[in-house]
4 protein chains.
Amino acid sequence: MDHENRRGPGRPRSESSHRRILEAATRLLERDGYTRLTIDALAAEAGVGRQTIYRRWRTKADVVLELVADRPDFAVAVPDTGSYGRDIREFLQSAFAAASDPPTADLLRGLMTEAQERPDFGHRFRHDFLGPRRAAFQVIVDRAAARQDLPSHVASEAIADIAFGSLWYRLLATREPLDAQYADAIARALAPPEGPTGA
Amino acid sequence: MDHENRRGPGRPRSESSHRRILEAATRLLERDGYTRLTIDALAAEAGVGRQTIYRRWRTKADVVLELVADRPDFAVAVPDTGSYGRDIREFLQSAFAAASDPPTADLLRGLMTEAQERPDFGHRFRHDFLGPRRAAFQVIVDRAAARQDLPSHVASEAIADIAFGSLWYRLLATREPLDAQYADAIARALAPPEGPTGA
Amino acid sequence: MDHENRRGPGRPRSESSHRRILEAATRLLERDGYTRLTIDALAAEAGVGRQTIYRRWRTKADVVLELVADRPDFAVAVPDTGSYGRDIREFLQSAFAAASDPPTADLLRGLMTEAQERPDFGHRFRHDFLGPRRAAFQVIVDRAAARQDLPSHVASEAIADIAFGSLWYRLLATREPLDAQYADAIARALAPPEGPTGA
Amino acid sequence: MDHENRRGPGRPRSESSHRRILEAATRLLERDGYTRLTIDALAAEAGVGRQTIYRRWRTKADVVLELVADRPDFAVAVPDTGSYGRDIREFLQSAFAAASDPPTADLLRGLMTEAQERPDFGHRFRHDFLGPRRAAFQVIVDRAAARQDLPSHVASEAIADIAFGSLWYRLLATREPLDAQYADAIARALAPPEGPTGA
DNA sequence: CGCTAAACGAGACGGTACGTCGAGTCTTAGA
DNA sequence: TCTAAGACTCGACGTACCGTCTCGTTTAGCG
């Protein structure tokens, strides 16, 4: 959040509380799922006052968002294989894989849900989570455009919408598995193997 | 829902209460948005006992779902122009248009949100709303497949995911307008103008 | 109540329903106690519509009151032994005995409770239940007065209050047993063995 | 109740809320009577959350009980005139007088009613209200016994039952006035002017 | 070393909504 | 007109969380 190193007088925020809250959140998400993660339960599980949570995060969703931000498997990595098709495929494979383990899927659904119910969290979610991932993906597209390696059948502005839309749609709507096969199908749609212009 | 014409003994459910509840829901959605639509407020606005709502619907989301089901602009119409590309384009144009007016968008977001928080409503939402729309869309795809009119670059099973995913992604994540241009971009990605095999 | 034999047109009230309701009330009182005896439960147990109950009695307390009125051990019997002391003693012995078995005690407490909460039932309770019992008791007192057999130490108007007050007080307040010993103690207070005037 | 001065950590209970609730209860009892005193109404009238009431008292009857406990005219005073007869008379005079003003009578009826419907409150009512008053009365009896000043015609264990029974009986059953004349009649029955053994 | 100031755990605060229960009334079809 | 059934409006219940406030206590830096 915004707890940089500006240090006024007074007792500094406890790093251990911070850590215990995040750990408690992890445990509760695993045990009870996002829906039953309440600030009350979180504070109790962490052995922390409710205010200590509010002091750091505006909503429970922000806690969870930080949790995700800290996870290495959610780091935004931009593959650079030299080929648009391979880049897309690798990106989607790893993105779909990361989102497919059930507790993570539950957590992502929770974040998206909260983003609808709390406009202010919605902004942060878009800015801090969705945005960066989109930007990373866009690097692939822009690089391909510069190389004139982009297929012509799909408007370059729609590529990211299709990629992430397919991901979230399965997550939220159909709940079918986000497996490698699905990632591949989407990748193929965005980057046809032999290229759409054919010969 | 399930209040068909099985008539046992006893006073039948009041059609007028039913109607008043749906009308009240419409008014409240328009006025306050989905998030502030509570059972309490709904009962008060409709001049109805809370129990009367619970008797008919399990959650407020089910009320809203019935509201949507009744709306003509949400009827699932399957265009049949003889061309896969034109069918897709028409379907997406009308689907995106229907979802783009702000109160409707808010309502759809509310339904998807509730589907995440209430697993049992999730099932109904998928079965009663998402399913039929997907099935309608699938008719277009299947018809094209029978005609061998399907582009080869995209796996036929992924087409619907891309179409609806793009819709919901903008609705929930980016909140950018679901305009005709966007519908067209998605349609082009699914059905390239000159056909994907090129020459 | 008021279901005399005035017969207009239409279906006559079912005696079997009437009986089933009273029997159901008996069972429920025995099983769950007065507090959990609701009109809903009563109708369900009797296999009867709620309206059928309301048509005959104004409140559940009125049902119970009729139940009591029908019971032989609650018939108001006025002993006439020729002696004030013996009459009093016999009356109290049998009244206390009748009120002392636990289900009956619970029922009486329920009636008194309801009489406080429902002023109109309160009137009926006083008029139909308490009144007749007081009147019966008063016969004893009046007879003794006519015989000049009344002890002088207690105002004749207070005798009934003491007798019934002692009964209800144990029933409602202390919940100590309404045994023969207690009945006797009260009887002695009202009719001292050797007579109050002593010599 | 049980909120003595044991001070754990955390924000202490607000004395002002406490006071406002009791004041609100007083107003509502006066205005609407015990039966219409609900937790909802009480919270609203006091400008307090419902939980704040539940935190302190288990039932509305417990609120009212505390109200009574605080009132000076309900303090248990034991007269000590040196004469059993005079003590009894004074005690009953003041007890009957306190119970005879209509709002208080209503409140007492409410407490006794609730004690029947809620067994756990019943225990508290007996222990915290009825018990102390009985004990105070018993002091008079015991003192007289020590002085051999007790009339022989009434078993000493029954004296309190008669005294309080007469009070509650009028309150609950006959609703006739608890006036000085009545108090006197009961006092005379318990303590005959010239003594029961006569000469 | 003590002072100031903020964070800490705890838990009470005023609220809002929940889902349930029971009351007393109304409305069916059928006897 | 009664019956069983089951709808209706209403209002209270007790619970769960919310986000804030208020305790006594702890922990830092500064004077």
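Protein chains get the first letters and strands the later ones, always in sequence-line order, with residue 1 at the start of each. The basis for the numbers below is simple: all heavy atoms, side chains too, and nothing from hydrogens, waters or symmetry mates.
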Distance, rounded to the nearest Å, where B:Ile53 contributes CD1 and F:dA7 contributes P: 15 Å
C:Arg58 side chain to C:Phe121 backbone, donor-acceptor under 3.5 Å: no
Qualifying residues under salt bridge (Lys or Arg N to Asp or Glu O under 4.0 Å), relative to C:Arg31, sequence neighbours excluded: C:Glu45
Distance-minimising heavy-atom pair for D:Thr113 and C:Glu117: CG2-OE2, 3.4 Å
Partner residues of C:Asp32 under the salt bridge (Lys or Arg N to Asp or Glu O under 4.0 Å) criterion, sequence neighbours left out: none
Euclidean distance, A:Thr38 OG1 relative to A:Lys60 NZ, rounded to 0.5 Å: 7.0 Å
Any residue of residues 33-43 of chain B with a heavy atom less than 4.0 Å from an atom of DNA chain E: B:Thr38, B:Ile39, B:Asp40
Contact interval (first through last nucleotide) of DNA chain E with protein chain D, 4.0 Å heavy-atom: E:dG9 to E:dA17
B:Thr52 side chain near F:dT9 phosphate (N/O to OP1/OP2, under 4.0 Å): yes
Residue B:Arg50, side-chain heavy atoms: nucleotide from F:dA7, F:dA12, F:dG14 that is nearest: F:dA12
Which residues share a side chain to side chain donor-acceptor pair (under 3.5 Å) with C:Ser17, sequence neighbours left out: C:Ser14
Protein-nucleotide distance (B:Arg13, atom CZ; F:dT9, atom P), rounded to Å: 12 Å
Short side-chain N/O contact to F:dT9 OP1/OP2 from B:Arg55, under 4.0 Å: no
Residues that C:Asp120 engages under salt bridge (Lys or Arg N to Asp or Glu O under 4.0 Å), provided they are two or more places apart: C:Arg124
Side chain to side chain donor-acceptor pair (under 3.5 Å) against C:Thr26, all qualifying residues, sequence neighbours excluded: none
Contact nearer the 5' end of DNA chain E, comparing C:Tyr54 with B:Lys60: B:Lys60
Just list the side-chain donor-acceptor pairs under 3.5 Å for residues 104-111 of chain B, sequence neighbours left out, or say none.
unit_1, atom_1, unit_2, atom_2, d
B:Thr104, OG1, B:Arg71, NH2, 3.1
B:Thr104, OG1, B:Asp101, OD1, 2.2
B:Asp106, OD2, B:Tyr34, N, 2.8
B:Arg109, NH1, B:Leu171, O, 2.9

First encountered from the 5' end of DNA chain E, between C:Arg118 and B:Arg118: B:Arg118
Beyond-backbone contact of C:Gln116 with C:Phe125, side-chain heavy atoms, under 4.5 angstrom: no
Contact state string [nucleotides 24-31 of chain F, B base, S sugar-phosphate only, - no protein heavy atom under 4.0 Å]: S-BBSS--
Counterpart residues, salt bridge (Lys or Arg N to Asp or Glu O under 4.0 Å), relative to C:Asp40 (two or more places apart): C:Arg50
Axis bend over the full length of the helix from E:dC1-F:dG31 to E:dA31-F:dT1, computed from five pairs that close each end, to 10 degrees: 20°
d(CG, D:Asp32; C1', F:dA12) in whole Å: 15 Å
Those residues that, when tested against D:Arg19, pass side-chain contact (heavy atoms from CB on, under 4.5 Å) (two or more places apart): D:Ser16, D:Glu23
